[in-house]
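Each chain gets a letter, A, B and so on, in the order its sequence line appears, and its residues count up from 1.
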Number of protein chains: 2
Amino acid sequence: MRRQSKVPTLDEILEALERASEFDELQSISEIVRDFFSIDHINYHWVSSSSSPYVCGTHSKAWIARYHEKEYLRVDPVIQGCFQRFHPVDWKRLDWSGKAARALQADAIAHGVGTQGYSVPIRGPNGQFALFTLNHTCSDEEWADFMRRNRCNFLLIAHYFNQKALEFEPERAPELAQSLSPREIDAMTLLAMGYSRAQVAETLSISEHTLRVYIESARYKLGAVNTTNAVARALSRGLIVI
Amino acid sequence: MRRQSKVPTLDEILEALERASEFDELQSISEIVRDFFSIDHINYHWVSSSSSPYVCGTHSKAWIARYHEKEYLRVDPVIQGCFQRFHPVDWKRLDWSGKAARALQADAIAHGVGTQGYSVPIRGPNGQFALFTLNHTCSDEEWADFMRRNRCNFLLIAHYFNQKALEFEPERAPELAQSLSPREIDAMTLLAMGYSRAQVAETLSISEHTLRVYIESARYKLGAVNTTNAVARALSRGLIVI
DNA sequence: CTCTCCATCGCCATTTCTGGGGAGTGAAAT
DNA sequence: ATTTCACTCCCCAGAAATGGCGATGGAGAG
């Protein structure tokens with residue numbers, strides 16, 4: 001048994017994650033994970049621009065502040081690339097050709113993020129989306145080899161981090177019970193597909209007025225101020241899919 | 001090394017999953033996984049009401065057919081429970097009190113599904129959702145102990161199954177879109193947040209006419225027919241976040 | 001047996017979008 | 001150096017969405 005040794009096993013790290021009862025613990029576990037894998041940085045980032053940022057990891061405070069200040073979230077190829085993928089992705093495989101993306105990249109390296117990156121997308125209920133990211137400075141070959149050996153571990157650690165984040169932020173998904181009725185889902189889906197109200201009403205074989213009741217009702221349930229916002233909220237909560 | 005033995009290691013199972021190139025292979029790997037864990041059933045189920053069902057595993061064809069015939073999808077507490085959760089869930093912890101749910105439960109047991117169940121929710125891009133389920137007939141204590149020991153493995157296997165399913169259904173993946181300009185992203189984001197055009201224009205400190213040019217331009221790039229559709233597409237492609 | 005929620009229908013006035021024109025600047029890319 | 005593209009500004013008229021009023025019947029839950 002290695003229980004007494006200074007370096008914990010992966011299982012012990014997962015257990016520690018499971019036992020964590022407050023945010024600060026995640027922060028210190030981040031450092032343990034980083035040391036365990038002997039890499040420069042690990043970072044957990046719950047991606048959402050509307051609510052307060054939810055980040056923990058070993059990146060410098062300066063970098064995190066700058067990331068928000070510059071609103072890099074909007075142009076980050078890591079975010080955009082991972083959002084469309086299921087599988088974790090090496091940063092080298094992303095598209096950094098945009099001007100804003102290159103600026104972000106240079107800024108990140110200047111802030112000591114590292115030259116190599118690997119991000120695991122994680123998704124929870126209601127369209128929740130987070131990234132678990134590893135960073136290091138080393139050769140491409142070393143990095144690829146390291147990833148080959150450890151990516152399963154990263155999947156698990158990412159999962160545990162996200163589980164805790166969801167636990168600590170229950171207000172993120174509170175009025176989930178307010179799901180939409182089947183007709184409301186139909187209406188929202190067709191609207192998201194670009195149908196006008198008249199077309200939706202015809203498609204659903206109901207009067208346009210009835211349709212409006214559904215839209216209003218969905219809008220109310222979603223706390224949206226107009227149809228576009230209702231569709232956006234329904235989409236980002238995973239209530240509809242287009 | 002157990003490489004030569006008849007029973008594969010978990011790593012070998014994951015490798016086999018990774019190598020799989022067609023649907024039928026997943027079916028046979030399901031049986032290997034079932035035997036590996038010595039349980040009654042394992043099942044991978046891509047949950048989607050719109051497209052054709054996507055199921056593989058060791059449940060009987062009769063049960064799968066009945067599940068669809070009876071439209072149990074709509075009332076299944078496993079689906080409803082897992083859809084709202086991030087963490088895998090034991091079927092005992094779900095709410096089986098509804099009339100339809102109890103009928104489903106009785107029907108499932110009659111079809112040999114087993115008395116114990118454990119389902120892992122998995123989510124991919126664009127609201128993709130799937131379940132990886134384990135079933136067995138044994139005591140609650142045995143089941144709980146088995147799950148404690150193996151749930152990390154199930155997370156990984158579920159992930160690999162889903163990865164393959166997504167690979168085999170490429171039409172679900174949206175074409176990687178050309179990105180929007182910063183101003184277009186601003187416009188789409190604010191529209192998604194429910195701002196009217198006048199409000200967006202004021203927020204961005206531009207004329208409403210200019211704003212319209214951005215919206216039109218984004219709409220064209222996204223292949224959208226109207227603003228709501230453009231916002232929906234931008235959201236589901238991860239170009240904007242709200 | 002209520003009570004809530006879902007599904008369905010109607011009218012009117014006002015606000016907001018949409019689609020059709022056109023035009024000039026500066027920065028980046030080829 | 002020429003082209004491309006992002007960004008900015010302007011007008012108008014018709015189409016579409018919104019807000020507020022109200023109503024009936026049925027299914028399921030407590």
What is the distance, to the nearest angstrom, from the CZ atom on A:Arg102 to the C1' atom on C:dA29? 11 Å
For B:Trp143 and B:Asp90, does a side-chain donor sit closer than 3.5 Å to a side-chain acceptor? yes
Between the side chains of A:Tyr195 and B:Asn229, does any donor sit under 3.5 Å from an acceptor? no
Using atom CD of B:Gln199 as one end and atom P of C:dT16 as the other, report the distance to the nearest whole Å. 8 Å
Taken in chain and number order and not counting sequence neighbours, the residues that satisfy ring-ring contact (aromatic ring centres under 6.0 Å, His included) with A:Phe86 are B:His159
Where along residues 181-188 of chain A does a heavy atom come under 4.0 Å from DNA chain C, residue by residue in number order? A:Ser181, A:Pro182, A:Arg183
In whole angstroms, the gap separating C1' of D:dA17 from CG of B:Asn226 amounts to 11 Å
Go through residues 207-219 of chain A and report each residue with a non-hydrogen atom lying under 4.0 Å from DNA chain C, sorted by number. A:Ser207, A:His209, A:Thr210, A:Arg212, A:Val213, A:Tyr214
A:Leu180 CG to C:dC6 C1', in whole Å, measures 13 Å
B:Asp186, B:Thr228, B:Thr227 screened by side-chain contact (heavy atoms from CB on, under 4.5 Å) with B:Leu191, the one that passes: B:Thr227
OP1 or OP2 of D:dA6 under 4.0 Å from side-chain N/O of B:Lys221: yes
For residues B:Phe161 and B:Phe132, establish whether the separation of their ring centroids is below 6.0 Å. yes
Rounded distance in Å - CG (A:Asn229) to C1' (C:dT16): 16 Å
Are the aromatic rings of A:Phe146 and A:Tyr118 close, with centres under 6.0 Å apart? no
Is the shortest side-chain heavy-atom distance between A:Leu180 and A:Met188 below 4.5 Å? yes
Tell me if the aromatic rings of B:Tyr54 and B:Phe168 count as close, with their centers under 6.0 Å from one another. no
